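This report concerns only the one structure given below.
For reference, positions follow the sequence shown, starting with 1. The structure presented is a predicted model; accordingly, all values stated were derived computationally and were not measured.
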Amino acid sequence: MKAPVTDYAEIGITSNFSFLRGGSDPRAYVHQASELGIPVIGIADHNTLAGVVRAWKELDSEKVAHPPKFLVGARIVFIDGTPDILVYPRDRAAYGRLCQLLTRGKRGGGRAFSSEVDTGSREENASTQKSERVEKGDCRLTLPDLVDFAEGQLLVLALPHRFETDDALDVLAQLKASAADGVWLAASLLYRGDDRRRLARLHGLATEAGVPLLATNEVLYHHPARRPLQDVLTCIREKTTIEAVGRRLEANAERHLKPAHEMARLFRDWPAAIAETMRFAARISFSLDQLKYQYPDEPVPPGKTAQRHLEDLTWRGAHRKFPTRISPKLKKTLHKELRLIRKLKYAHYFLTVHDIVHYARSQNILCQGRGSAANSAVCYVLGVTSVDPTKVDLLFERFISKERLEPPDIDVDFEHSRREEVMQYVYRRYGRHRAAIIATVIHYRPRSAIRDVGKALGLTEDVTAALADTVWGSWGKGLNDMQVRQAGLDPKNAMITLAVELATELIEFPRHLSQHVGGYVLTQDRLDTYVPIGNAAMDDRTFIEWDKDDVDALHMMKVDVLALGMLTCIRKCFDLIDDHKGKRWELASVPPDDEKVYDMLCRGESLGVFQVESRAQMNMLPRLKPRTFYDLVIEVAIVRPGPIQGDMVHPYLRRRNKQEQVSYPSPASDKGDKNELYNVLHKTLGVPLFQEQAMRIAIEAAHFTSEEANGLRRSMATFRNLGTIGSYEEKLVGNMVARGYDPDFARSCFDQIKGFGSYGFPESHAASFAQLVYISSWLKHYHPDAFCCGLLNSQPMGFYAPAQIVGDARHNGVTVREVDVSFSFAQNTLEEKVGDHCAVRLGFRQIDGFHWLDEDEERLKRMQQTLRSTGESGGHERVGSLPLAGESWREGQATTTARAAYPSP
């Protein structure tokens with residue numbers, strides 16, 4: 001009698017990143033494999049590698065007692081009728097080819113296109129190929145595409161339940177003739193009634209084709225209890241209800257991860273198929289930790305090292321900013337930062353950011369850097385930021401260190417109306433094969449989960465709408481009986497209970513991939529050998545399948561090219577001041593620390609001012625009474641969920657207003673230095689307000705290791721998405737109390753950290769935003785005419801409607817004139833002075849539904865300027881018809897283009 005098989009590798013796993021197909025998260029499979037003692041698992045999602053990094057990261061979790069070997073693969077689903085094929089790369093080179101195969105399917109240019117369009121002239125073919133752009137989320141691959149990239153791949157043919165033997169033999173023959181490292185035939189026993197007969201047929205087919213039979217359970221979820229949710233996912237995917245879906249559902253709950261002894265029992269008549277799984281896994285040496293990222297070297301001139309070039313640019317910038325003398329303090333800081341950059345080999349990163357900023361400035365696009373290292377002295381003299389580091393005194397090494405295990409974070413905000421120019425420059429500079437936007441995973445939230453589950457279960461729209469409109473329908477993890485009753489429903493109703501349970505399970509499931517707001521990944525070698533690249537919904541945009549957490553886990557460089565409406569407004573204000581008042585301002589040239597500007601803010605007059613225009617901020621300004629730049633840094637950060645949930649706002653205000661003595665929490669005398677938190681909290685009067693302070697408290701007061709602090713930081717950034725921050729509560733609070741800290745202070749610190757997970761501000765970001773707060777306040781005080789005009793021309797943005805902006809400008813002594821066909825342009829403009837300020841002439845853009853063409857706008861400007869230069873003034877003589885261009889009339893009427901009838905000047 002043969003000994004029972006104890007080892008088994010499950011390589012047919014589908015996760016929930018096969019959207020609306022898999023019923024479990026990739027990390028759940030890692031934990032289940034650990035519990036079941038399965039030594040090897042392989043996740044092969046449908047035409048994607050989107051979930052593999054999450055599973056790979058989870059292998060290092062303390063909760064995974066027996067980490068399995070993890071195989072990275074993909075299930076290729078073809079458009080030419082070829083059965084699905086599981087593809088597992090043998091080594092790093094083969095993995096790169098798998099990524100390129102998926103990129104071909106997602107971006108176009110593969111055999112699917114050439115076979116369709118190769119019917120005419122070269123020009124006709126090119127035109128057709130251009131029109132056959134692969135839509136976002138689609139993947140168009142044929143069997144010849146796979147053959148092109150088959151070298152080094154382990155291929156497993158997964159036949160449907162019913163198949164034609166001749167067709168299967170033909171596919172197996174083509175796979176065997178390719179450069180693949182091996183070909184297998186998948187076999188499964190899913191309790192469908194004819195399993196033994198089908199398995200015997202598969203065994204005969206494998207023998208005839210000369211390929212091994214490989215056992216798999218075609219896993220769709222990690223545990224049998226997930227079967228109801230998987231049925232609901234099927235209904236959502238098929239756009240039907242549970243009553244009407246019929247045989248499209250799985251017949252039973254058997255497609256879960258099974259232990260080796262159960263699989264051996266099922267395949268007791270074909271034990272070789274079980275043993276083959278381990279031989280299959282042994283042939284694979286690839287792991288994601290073999291992806292070695294290389295910085296792009298474009299910004300480095302030939303003959304120079306990156307560090308040398310960065311140092312040259314730094315000192316050149318320092319001499320340009322301080323032509324007479326560089327202060328000893330700044331010089332010392334620059335030397336210190338450059339040494340740290342050299343030690344950690346981050347020169348390429350700073351050069352890349354500088355290169356993008358330099359391009360933007362060459363095109364007169366306003367930009368401002370922010371982030372963990374953006375407020376450094378190096379970034380200041382390079383022109384990445386206009387924040388003087390001596391005003392903020394951030395510790396550079398606090399944000400760039402070996403403990404963070406990743407490059408520093410520098411976000412660069414650009415004018416929102418011109419950000420696309422910068423993004424296309426990045427694509428041109430590095431090529432689409434080496435640059436792409438990172439992904440954002442769109443997850444199910446409570447509202448969308450209950451709606452989709454309700455539809456799948458056949459609940460009426462009014463019932464699902466009532467449930468979705470509860471408090472839970474916005475943010476949360478569950479629905480209690482009281483909320484169900486508030487919706488007018490019976491919580492004991494079986495269908496309502498089932499809907500709530502399934503929707504709760506569905507929350508946080510990935511729904512689809514979208515592009516990040518502006519985070520780029522750049523590489524020296526081909527990016528499409530690291531991760532598949534696909535088309536975005538927008539033309540000329542491409543993005544990878546991994547999100548920022550995946551990219552961080554693999555230590556890949558991310559550069560954020562973000563959009564900020566206030567920068568557009570400020571640039572337009574600067575242009576108006578230059579055109580009408582003859583003075584050109586830049587972000588760095590605005591006079592600092594103006595008392596009258598601070599007086600205005602202390603009165604709460606901040607309508608339209610960046611970051612402090614909300615009612616809550618307006619109420620806070622007279623209480624905080626900002627008088628310095630650092631006060632603005634605090635103002636930006638204090639009205640946020642972090643400080644509010646941690647009950648830090650009122651203690652800070654009381655201490656600032658001398659109503660409470662400043663003190664610094666300390667441990668017991670025998671547990672540590674009583675002043676250990678002084679350096680962390682002295683700038684905020686002993687009260688933690690910033691994200692960095694919360695992290696430093698964890699390290700100094702709770703004795704977190706650098707790895708634990710790094711994990712805490714990640715949890716703060718993703719609390720709403722992942723909910724992992726709660727795992728740190730016991731350790732942080734417990735350690736602080738054990739060292740003698742007041743329990744209330746310890747709990748308030750953790751409450752603040754939880755608040756940061758929802759929305760909080762790091763000090764480094766608040767400092768950059770505070771600079772824009774001051775500049776927009778300065779514009780509002782000294783140039784309310786240009787500020788009003790710039791705000792109106794930058795809409796939509798901010799909290800206030802155009803009528804409120806106009807009313808505020810009039811309150812500040814600005815004359816605002818109505819739209820006039822003889823004097824208005826499409827944009828709002830400034831006219832001659834009335835008193836201390838220029839008059840604001842409202843433009844046609846303020847008319848709801850008005851559309852214009854740029855050429856008509858320029859023609860009208862030239863015509864009116866000519867009229868005024870020849871003596872036209874004062875009167876409102878009509879000079880032409882309303883310059884409508886491309887106007888869309890009301891729905892139901894014809895659309896026409898009406899061009900203005902301009903008289904000759």
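- Pairs of residues two or more places apart, or lying in two chains, that qualify as salt bridge (Lys or Arg N to Asp or Glu O under 4.0 Å) and include a residue from residues 533-542 are Glu420-Arg541.
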Enumerate donor-acceptor pairs with a distance under 3.5 Å from any side-chain N or O in residues 94-102 to protein atoms, sequence neighbours excluded.
residue: Tyr95; atom: OH; partner: Tyr530; partner atom: O; Å: 2.6
residue: Arg97; atom: NE; partner: Glu151; partner atom: O; Å: 2.9
residue: Arg97; atom: NH2; partner: Glu151; partner atom: O; Å: 3.1

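- Between the CG atom in Asp413 and the CG atom in Leu562 there is a gap of 5.5 Å [rounded to 0.5 Å].
- Using a distance-only test at 3.5 Å, with no hydrogens or angles considered, a donor-acceptor pair links the side chain of Asp550 to the main chain of Asp547.
- Not less than 6.0 angstrom separates the ring centroid of Phe509 from the ring centroid of Tyr444.
- Atom CG in Asp45 sits 8.0 Å away from atom CZ in Phe17 (nearest 0.5 Å).
- One finds no salt bridge joining Arg434 and Asp525 here, because no Lys/Arg side-chain nitrogen approaches an Asp/Glu carboxylate oxygen to under 4.0 Å.
- Remark: the backbone N or O of Arg526 is paired with a side-chain donor or acceptor of Thr529 at under 3.5 angstrom.
- Not a single donor-acceptor pair under 3.5 Å links the side chain of Asp84 to the backbone N or O of Arg75.
- Side-chain atoms of Ser34 come within 3.5 Å of backbone N or O of Ala65 as a donor-acceptor pair.
- Ring pair Tyr520/Tyr427 is perpendicular by interplanar angle, where above 60° counts as perpendicular and below 30° as parallel.
- Remark: the backbone N or O of Gly534 is not paired with any side-chain donor or acceptor of Thr542 at under 3.5 angstrom.
- Put simply, the side chain of Glu763 never gets that close to the backbone of His765: no donor and acceptor are under 3.5 Å apart.
- A salt bridge does not link Asp552 with Lys558: none of the charged nitrogens is closer than 4.0 Å to a carboxylate oxygen.
- Within the 3.5 Å criterion, the main-chain N or O of Glu135 finds no donor-acceptor partner in the side chain of Lys106.
- Only one option out of Arg370, Lys548, His516 pairs with Asp560 in a side chain to side chain contact (heavy atoms under 4.5 Å, CB included); it is His516.
- Salt bridge annotation for Arg432-Asp528: absent, with no cationic side-chain nitrogen under 4.0 angstrom from a carboxylate oxygen.
- Between the side chain of Ser24 and the main chain of His222, a donor-acceptor pair closer than 3.5 Å is present.
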